[in-house]
Asker: 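Dumping the structure here so I can ask a few things about it.
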Amino acid sequence: MRKNFTGEDVRREVEEKDVEFIRLQFTDLFGNLKNVAITSSQLERALDNKIMFDCASVDGFGESGETEMYLYPDPETLEIFPWRPQHGKVARMICDVYKADGTPFEGDPRYILKQAIREAKEMGYTMQAGPECEFFLFHTDENGIPTTLTHEKAGYFDLGPIDLGENARRDIVLTLEEMGFEIESSHHEVAPAQHEIDFKYQEGIYAADDIMTFKLAVKTIAKRHGLHATFMPKPKSDVEGSGMHLNITLYKDGKNIFADQTDEKLLSDEAYYFIGGLMKHAKGMCALTNPLVNSYKRLVPGYEAPIYMTWSTKSRNPLIRIPVLRGEETRVELRYPDSSANPYLALAVALRAGLQGIREKIRPGDSIDENVKQYSDGQLKEKEIETLPHSLSEALQYMQQDDFVKEVLGKETAQVYLEAKKREWEEYRAKVSDWELERYLYKY
């Protein structure tokens with residue numbers, strides 16, 4: 001969570017709160033949290049941006065040609081981990097990544113989002129964003145290895161004793177609140193062992209920081225309960241997958257620019273244009289918002305995840321939904337991202353696509369307020385409703401063709417990302433699955 005801290009505030013906190021270890025955290029290109037741990041004796045060096053790390057083996061960083069980079073900690077992200085010892089406490093600061101020449105590393109996901117936020121600021125806007133992160137709590141085996149096993153049969157909004165994960169979820173919420181999160185709600189989701197915790201919007205870069213912190217806290221507290229928390233999009237075939245809906249609002253001079261009380265749908269022109277920009281680049285963004293082979297097992301018919309490119313103020317299953325709250329609460333909800341996405345990259349492409357929509361006044365077409373999943377092929381064709389990519393391979397092809405999305409990442413970073421994900425797809429394509437063996441081994 002964001003604190004109005006300076007370097008001097010960090011020094012005082014570390015001394016007064018008996019902090020012995022500080023984790024300097026950053027996120028690699030593919031959304032994995034990394035860190036370099038230092039003791040409090042090295043805090044001055046850290047605040048002077050003198051902590052160096054070998055970037056050669058960091059996914060997405062090693063291809064840059066750099067051998068060593070520097071971590072520039074953000075004092076406003078100082079947080080003491082409540083689950084660590086109370087003597088010799090452990091804290092963290094989230095860092096920006098810089099090259100040896102003192103310039104920002106262009107492939108740092110946090111830098112990429114900062115560039116998008118800077119563009120919004122130049123247009124007079126500030127962004128607030130909030131996720132709806134879903135996850136599963138599964139058992140581990142006798143060796144502590146994660147499984148997909150659960151003993152519970154709970155469903156949407158069920159409570160204990162049916163909801164066997166209730167105690168773990170409560171401890172997660174209390175831990176997050178201790179870390180400064182404002183938790184708006186938490187509940188059991190549709191599938192057995194599936195949960196959701198929603199927290200208050202944050203402005204700008206701190207929205208993505210919060211997502212990374214949230215995932216770390218969820219996994220840590222779940223482990224203390226003997227459970228494994230996974231944000232994998234579709235860990236089990238016959239149940240709902242886990243999404244990470246992104247709710248985005250733009251403000252200008254303190255006012256929500258998406259609201260217009262005179263419009264039939266109570267939406268401003270900027271809201272329509274923002275939606276239009278998202279619709280225009282939805283396919284090109286998909287390899288970033290849904291970055292795994294497994295992501296596309298969630299985006300299939302028969303479940304709540306979107307598969308058609310529509311927007312609506314009423315239907316609950318479109319690609320983009322405008323929730324019922326209006327006025328200063330008006331927001332655009334992008335529903336296809338999942339929690340395996342790098343939140344910095346997902347927010348960066350979504351924000352800049354929406355801003356392009358505003359600049360170029362891109363209209364999104366009519367809202368579809370019916371259940372599109374019941375449409376026939378003829379109706380879909382008549383209304384010119386397109387589908388999202390069906391696989392990671394298809395999503396990569398759309399990203400390759402979308403120069404705007406590649407420009408958001410930077411051409412070199414985009415190429416690194418595309419090549420890595422193409423290798424991932426080829427590895428998957430070469431594997432023989434259990435489904436294939438069950439289907440074909442005895443027949444042919």
Asker: What residue among Phe61, Tyr70, Tyr72 forms ring pair (Phe, Tyr, Trp, His ring centres under 6.0 Å) with Phe105?
Answerer: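 Of the listed residues Phe61, Tyr70, Tyr72, the ring pair (Phe, Tyr, Trp, His ring centres under 6.0 Å) partner of Phe105 is Phe61.
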
Asker: Determine whether a donor-acceptor pair (N or O, by modelled atom type, separation under 3.5 Å) exists between the side chain of Asn294 and the backbone of Lys234.
Answerer: yes

Asker: Can you label the angle between the Tyr428 ring and the Trp425 ring as parallel, tilted or perpendicular, going by 30° and 60°?
Answerer: tilted

Asker: Go through the structure and list residues passing side chain to side chain contact (heavy atoms under 4.5 Å, CB included) with Asp198, not counting sequence neighbours.
Answerer: Glu132, Ser185, Glu196

Asker: One pair to check against side-chain contact (heavy atoms from CB on, under 4.5 Å): Asp260 and Tyr272. What are the steps and the verdict?
Answerer: CA-CA 11 Å; Asp260 183 352; Tyr272 289 114; over 6 Å; no

Asker: For Tyr308, which residues count as a ring pair (Phe, Tyr, Trp, His ring centres under 6.0 Å) partner, sequence neighbours excluded?
Answerer: none

Asker: May I ask you to decide whether Asp96 forms a salt bridge with Lys114, counting only side-chain N to carboxylate O separations under 4.0 Å?
Answerer: yes

Asker: Looking at Arg224 and Trp83, would you say the former's side chain and the latter's main chain have a donor-acceptor pair under 3.5 Å?
Answerer: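 Present.
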
Asker: Go through the structure and list residues passing side-chain hydrogen bond (donor to acceptor under 3.5 Å, both in side chains) with Thr310, not counting sequence neighbours.
Answerer: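 Thr310 satisfies side-chain hydrogen bond (donor to acceptor under 3.5 Å, both in side chains) with no residue once adjacent residues are dropped.
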
Asker: How long is the gap from CG on Asp28 to OG on Ser57, to the nearest 0.5 Å?
Answerer: 12.0 Å

Asker: Nearest 0.5 Å, what's the CG-CG distance between Leu78 and Asp9?
Answerer: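 The CG atom of Leu78 sits 9.5 Å away from the CG atom of Asp9.
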
Asker: Could you give me the CA-CA distance, side-chain angles and deciding distance for Leu33 and Thr27, then say whether side-chain contact (heavy atoms from CB on, under 4.5 Å) is met?
Answerer: CA-CA 5 Å; Leu33 193 62; Thr27 301; 3.9 Å; yes

Asker: Tell me every residue that passes side chain to side chain contact (heavy atoms under 4.5 Å, CB included) with Glu436, counting only those two or more places apart in sequence or in another chain.
Answerer: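 Partners of Glu436 by the side chain to side chain contact (heavy atoms under 4.5 Å, CB included) criterion, ordered by chain and then number, come out as Val432, Ser433, Tyr440.
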
Asker: With salt bridge (Lys or Arg N to Asp or Glu O under 4.0 Å) as the test, would you mind laying out the steps for Arg429 and Glu426 before giving the verdict?
Answerer: CA-CA 5 Å; Arg429 199 167 68 89; Glu426 289 302 321; 3.0 Å; yes

Asker: Can you confirm whether the side chains of Glu203 and Thr126 place a donor and an acceptor under 3.5 Å from each other?
Answerer: no

Asker: Between Glu407 and Arg352, does a salt bridge (Lys or Arg N to Asp or Glu O under 4.0 Å) hold up when you go through it step by step?
Answerer: CA-CA 10 Å; Glu407 188 268 330; Arg352 291 190 68 175; 3.2 Å; yes

Asker: Ignoring hydrogens and angles, tell me if any N or O in the side chain of Ser312 forms a donor-acceptor pair with the backbone of Arg321 under 3.5 Å.
Answerer: no

Asker: Please name all residues satisfying side-chain hydrogen bond (donor to acceptor under 3.5 Å, both in side chains) with Glu386, sequence neighbours left out, ordered by chain then number.
Answerer: Lys283

Asker: Would you say Thr330 and Asn256 are linked by a side-chain donor-acceptor pair, where the criterion is simply a distance under 3.5 Å?
Answerer: no

Asker: Run the side chain to side chain contact (heavy atoms under 4.5 Å, CB included) test against Arg359 and tell me which residues pass, sequence neighbours left out.
Answerer: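 With neighbours one apart ignored, the set is Glu119, Met123, Leu355, Gln356.
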
Asker: Would you check if the side chain of Glu304 reaches a backbone N or O of Asn317 as a donor-acceptor pair within less than 3.5 Å?
Answerer: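 No, the answer is negative, given that no donor and acceptor are paired below the 3.5 Å cut-off.
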
Asker: For residues His281 and Asp402, is any side-chain donor paired with an opposing acceptor at under 3.5 Å?
Answerer: yes

Asker: Considering residues at least two apart in sequence or located in another chain, which fulfil the salt bridge (charged side-chain N to carboxylate O under 4.0 Å, His left out) criterion with Asp171?
Answerer: none

Asker: Does atom OH (Tyr251) have a neighbourhood of more than 12 heavy atoms from anything else shown, all under 6.0 Å?
Answerer: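 Enclosed.
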
Asker: Please identify each residue that fulfils side-chain hydrogen bond (donor to acceptor under 3.5 Å, both in side chains) with His187, with sequence neighbours left out.
Answerer: none

Asker: A quick test of your reading: do over 12 heavy atoms of other residues, nucleotides or ligands sit less than 6.0 Å from NZ of Lys34?
Answerer: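 Count over threshold, so yes.
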
Asker: Rounded to the nearest 0.5 Å, how far apart are OG of Ser391 and CD of Gln397?
Answerer: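 Going from OG on Ser391 over to CD on Gln397, the span is 7.5 Å.
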
Asker: Any donor and acceptor pair, going by atom type alone, linking the side chain of Thr230 with main-chain N or O of Phe136 inside 3.5 Å?
Answerer: no

Asker: Applying ring pair (Phe, Tyr, Trp, His ring centres under 6.0 Å), name anything that partners Tyr273, two or more places apart in sequence or on another chain.
Answerer: none

Asker: Identify, with sequence neighbours excluded, every residue that meets ring pair (Phe, Tyr, Trp, His ring centres under 6.0 Å) alongside Tyr111.
Answerer: none

Asker: Do the side chains of Glu240 and Arg298 get nearer than 4.5 Å, heavy atoms only?
Answerer: no

Asker: Say you draw a straight line from OG1 of Thr220 to NZ of Lys223; how long is it, rounded to the nearest 0.5 Å?
Answerer: 8.5 Å

Asker: Charged N to carboxylate O under 4.0 angstrom, Arg363 versus Asp269?
Answerer: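 Between Asp269 and Arg363 there is a salt bridge, with a charged N closer than 4.0 Å to a carboxylate O.
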
Asker: Ala208: which residues meet the side chain to side chain contact (heavy atoms under 4.5 Å, CB included) condition with it, sequence neighbours left out?
Answerer: Leu113, Pro343, Tyr344, Leu347

Asker: Could you go through Glu76 and Tyr206, starting from their C-alpha distance and side-chain angles, then the distance that decides it, and tell me whether this counts as side chain to side chain donor-acceptor pair (under 3.5 Å)?
Answerer: CA-CA 9 Å; Glu76 295 194 359; Tyr206 299 102; 2.9 Å; yes

Asker: Quick one: does Met69's side chain get under 4.5 Å of Phe26's, heavy atoms only?
Answerer: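 In short, these two side chains do not touch, never coming nearer than 4.5 Å.
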
Asker: Rounded to the nearest 0.5 Å, how far apart are CD1 of Ile80 and CZ of Arg92?
Answerer: 11.5 Å

Asker: Is there a side-chain contact between Asp263 and Arg326 in this structure, where contact means two heavy atoms from C-beta onward sitting under 4.5 Å apart?
Answerer: no

Asker: Just to verify, which of Gln128, Arg331, Glu182 counts as forming a side chain to side chain donor-acceptor pair (under 3.5 Å) with Tyr201?
Answerer: Arg331

Asker: Apply side chain to side chain donor-acceptor pair (under 3.5 Å) to residues Asp210 and Thr213 and explain how you reach the verdict.
Answerer: CA-CA 5 Å; Asp210 278 359; Thr213 302; 5.3 Å; no

Asker: Quick one: do the Ser339 and Lys215 side chains pair a donor with an acceptor below 3.5 Å?
Answerer: no

Asker: Out of curiosity, Glu333 CD to Ile275 CD1, how far, rounded to the nearest 0.5 Å?
Answerer: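 If I round to the nearest 0.5 Å, the distance is 11.5 Å.
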
Asker: Val218 vs His195, test: side-chain contact (heavy atoms from CB on, under 4.5 Å). Steps then yes/no.
Answerer: CA-CA 11 Å; Val218 168; His195 304 266; over 6 Å; no

Asker: According to ring pair (Phe, Tyr, Trp, His ring centres under 6.0 Å), who are the partners of Phe231, at least two apart in sequence or on a separate chain?
Answerer: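 Listed in chain order: Phe135.
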
Asker: Output yes when Glu419 and Lys422 qualify as a salt bridge under the 4.0 Å nitrogen-oxygen rule, no when they do not.
Answerer: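 Here Glu419 does not pair with Lys422 in a salt bridge, since their nearest N and O are not under 4.0 Å apart.
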
Asker: The test is side-chain contact (heavy atoms from CB on, under 4.5 Å); show your working for Leu396 and Leu418 and say whether it passes.
Answerer: CA-CA 7 Å; Leu396 292 171; Leu418 284 164; 3.9 Å; yes

Asker: Are Ser242 and Gln194 close enough, and set up right, to give a side chain to side chain donor-acceptor pair (under 3.5 Å), and what steps lead you there?
Answerer: CA-CA 8 Å; Ser242 291; Gln194 188 182 35; 3.2 Å; yes

